[in-house]
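As structure tokens, the structure follows; a few thoughts come after it.
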Amino acid sequence: RRSIDIFILVKKYHYFYTTLLVVIFSFKCASLKPGDAGDIDLQYEKAMKLLDKKKYLRAQEEFNNLVIRGTHTDLGDDSQFYLAESYFLNKEYLLAIAEYDRLIRRMGFSPYVEKARWRVCESYVKESPKYYKDQSNTSKALSKLQEFIDDYPNSEFKEEANGQILELRNKLAQKEYATGILYIKMEEYPSAIISFESLINNYYDTDILEKGHIGMIRCYSLMDEYKKAETYYNDHSSEIISDDLKQTALKYINKSNSSN
């Protein structure tokens, strides 16, 4: 009797697990439509045509679906890269960065990685605002650009990257200079000097450097420290290239001298 009960119990468990496996297999089959491998190729071609026609929103839908369905296929990294491209070309730069980063992290051996990293740089540059606004994205762009140059010293994008670095550094220098001028207007000259010194020390390779020196001389003059203004000019006159700015500096010094 007991052996019969055990036999029945075993048959029940066998039936349960067999049924479970059939259900799981059926579910997987249902999730994959017939001819899916071929469908992925066709969908990729469709998505690329939409991208070429600048129908970016529809291309995003197609590529996003391809990324879900074809991650482990030969078109996995292609789909991921062009999904990011569809955001980038539609000027949705932060979304583009997220998709490029996904490619970089998950598909490190893809031939698209270098271009994806360059696009991340470009995206942060695009998100860099006017100098008088918060410069967090400018700092991120500079960091990404420098990392890119370090990792790809022979890249075709190297020259452009160096140009963008200089442009962004000029923007940060302009912000420091504007901060110094604001402090001058508020008659907070020591704070203005700190801003100009930060400009001179950190952005010595920018077009704003000369203005930083003039700002220092202006502050000393306004503080009636004629000797400091004159000494500063003598020590840094070689870094003030513009004749107009040199004349401006001398006017500040002379004005300070005449008021003493």
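Keep in mind that the numbers below use all heavy atoms, side chains included, and drop hydrogens, waters and symmetry copies.
- Of the inter-residue distances, the one linking Leu103 atom CG with Ser79 atom OG reads 11.0 Å to the nearest 0.5 angstrom.
- Ring planes of Tyr220 and Tyr232: tilted class, angle from 30 to 60°.
- Taking CD1 of Ile217 as the start and CG of Leu250 as the end, the distance is 8.0 Å to the nearest 0.5 Å.
- Atom CD1 in Ile181 sits 9.0 Å away from atom NZ in Lys211 (nearest 0.5 Å).
- Between the Ser123 side chain and the Arg119 main chain, a donor and an acceptor come within less than 3.5 Å of each other.
- For Lys246, the NZ atom sits in a packed shell: over 12 heavy atoms of surrounding residues, nucleotides or ligands are nearer than 6.0 Å.
- Using modelled atom types, one side-chain atom of Thr206 and one backbone atom of Tyr203 make a donor-acceptor pair closer than 3.5 Å.
- Closest non-hydrogen pair, Ser110 versus Asp77, comes out as OG-OD2, 2.8 Å.
- A salt bridge does not link Arg117 to Glu114: none of the charged nitrogens lies less than 4.0 Å from a carboxylate oxygen.
- The cationic group of Lys171 does not satisfy the cation-pi geometry with Tyr131, failing either the under 6.0 Å distance to the six-membered ring centre or the 45° limit from the ring axis.
- Ser86 and Gln60 get closest at one heavy-atom pair: OG-CG, 3.0 Å.
- In this structure, Phe157 and Phe148 have tilted ring planes: the angle between them lies in the 30° to 60° band.
- Atom-to-atom distance recorded for Ile149:CD1 and Glu160:CD is 10.5 Å, nearest 0.5 angstrom.
- From Lys251, atom NZ reaches atom CG of Asn254 across 10.0 Å, with rounding to the nearest 0.5 Å.
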For this session: Show your working on side chain to side chain contact (heavy atoms under 4.5 Å, CB included) between Cys219 and Phe196 and close with a plain yes or no.
Result: CA-CA 10 Å; Cys219 286; Phe196 294 133; 3.7 Å; yes
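- The number of heavy-atom neighbours closer than 6.0 Å to CD of Glu188, taken from other residues, nucleotides and ligands shown, is above 12.
- At a threshold of 4.5 Å between non-hydrogen side-chain atoms, the residues Gln135 and Lys175 count as touching.
- Side-chain contact between Leu66 and Leu75 is absent, with no heavy atoms from C-beta onward closer than 4.5 Å.
- Hydrophobic cluster membership differs between Ile194 and Leu222, with clusters built from Ile, Leu, Val, Met, Phe, Trp and Tyr side chains linked at under 4.5 angstrom.
- Under the 3.5 Å distance criterion, with hydrogens and angles disregarded, a donor-acceptor pair is assigned to the side chains of Gln43 and Arg69.
- The closest donor-acceptor contact from the side chain of Asn65 to the backbone of Glu61 lies at 3.5 Å or more, if one exists at all.
- With respect to the salt-bridge test (charged N to carboxylate O, under 4.0 angstrom), the residues Glu99 and Arg102 qualify.
- Of all the heavy atoms in Gly108 and Val113, the pair that sits closest is O-CG2, 3.6 Å.
- Using a 4.5 Å cut-off between side-chain heavy atoms of Ile, Leu, Val, Met, Phe, Trp and Tyr, with links allowed through other members, Val67 and Leu51 fall into the same hydrophobic cluster.
- Of all heavy-atom pairs spanning Val120 and Ile104, the tightest one is CG2-CD1, 4.2 Å.
- Residues Glu210 and Ser242 come closest through the heavy atom pair OE2-N, 2.6 Å.
- Using modelled atom types and a 3.5 Å distance limit, the side chains of Glu92 and Tyr56 yield no donor-acceptor pair.
- Heavy-atom minimum distance, Ile253 versus Ser221: N-OG, 3.8 Å.
- Judged by distance alone, the side chain of Asn170 and the main-chain N or O of Asp207 form a donor-acceptor pair under 3.5 Å.
- Looking at Met216 and Ile200, their side chains come closer than 4.5 Å, going by heavy atoms from C-beta outward.
- Under the 4.5 Å side-chain heavy-atom criterion for ILVMFWY residues, no single connected hydrophobic cluster contains both Tyr183 and Tyr252.
- Side-chain contact between Ile184 and Arg218 is present, with at least one heavy-atom pair separated by less than 4.5 Å.
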Can you check side chain to side chain contact (heavy atoms under 4.5 Å, CB included) on Arg58 and Lys53, steps first, answer last?
CA-CA 10 Å; Arg58 290 181 60 191; Lys53 292 178 181 179; over 6 Å; no
Does Met48 form a side chain to side chain contact (heavy atoms under 4.5 Å, CB included) with Phe63? I'd like the steps, not just the answer. CA-CA 9 Å; Met48 289 299 293; Phe63 282 123; 3.6 Å; yes
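- Following chains of ILVMFWY side-chain contacts shorter than 4.5 Å, one cannot reach Leu50 starting from Tyr82, and the two form parts of different hydrophobic clusters.
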Practice prompt. Please report the C-alpha distance between Asp78 and Tyr112 in whole Å, then the side-chain angles of each, then the deciding distance to 0.1 Å, and finally whether the side chain to side chain contact (heavy atoms under 4.5 Å, CB included) criterion is met.
Written response: CA-CA 8 Å; Asp78 301 81; Tyr112 290 107; 2.6 Å; yes
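- In this structure, a donor-acceptor pair under 3.5 Å is absent between the side chains of Ser195 and Thr179.
- Using a 4.5 Å heavy-atom cutoff, the side chains of Glu85 and Tyr100 are in contact.
- When ring centroids are compared, Tyr93 and Phe88 come within the 6.0 Å threshold.
- Comment: Glu127 does not engage Lys140 in a salt bridge, judged by the lack of any side-chain N to carboxylate O separation of less than 4.0 angstrom.
- Taking NZ of Lys228 as the reference point, atom CG of Asp235 lies at 13.0 Å (rounded to 0.5 Å).
- At least one side-chain heavy atom of Lys115 sits under 4.5 Å from a side-chain heavy atom of Phe81.
- Here the side chains of Arg105 and Asp101 are in contact, with some heavy-atom distance below 4.5 Å.
- Hydrophobic clustering (ILVMFWY, side-chain heavy atoms < 4.5 Å, transitive): Leu89 and Ile97 are in one cluster.
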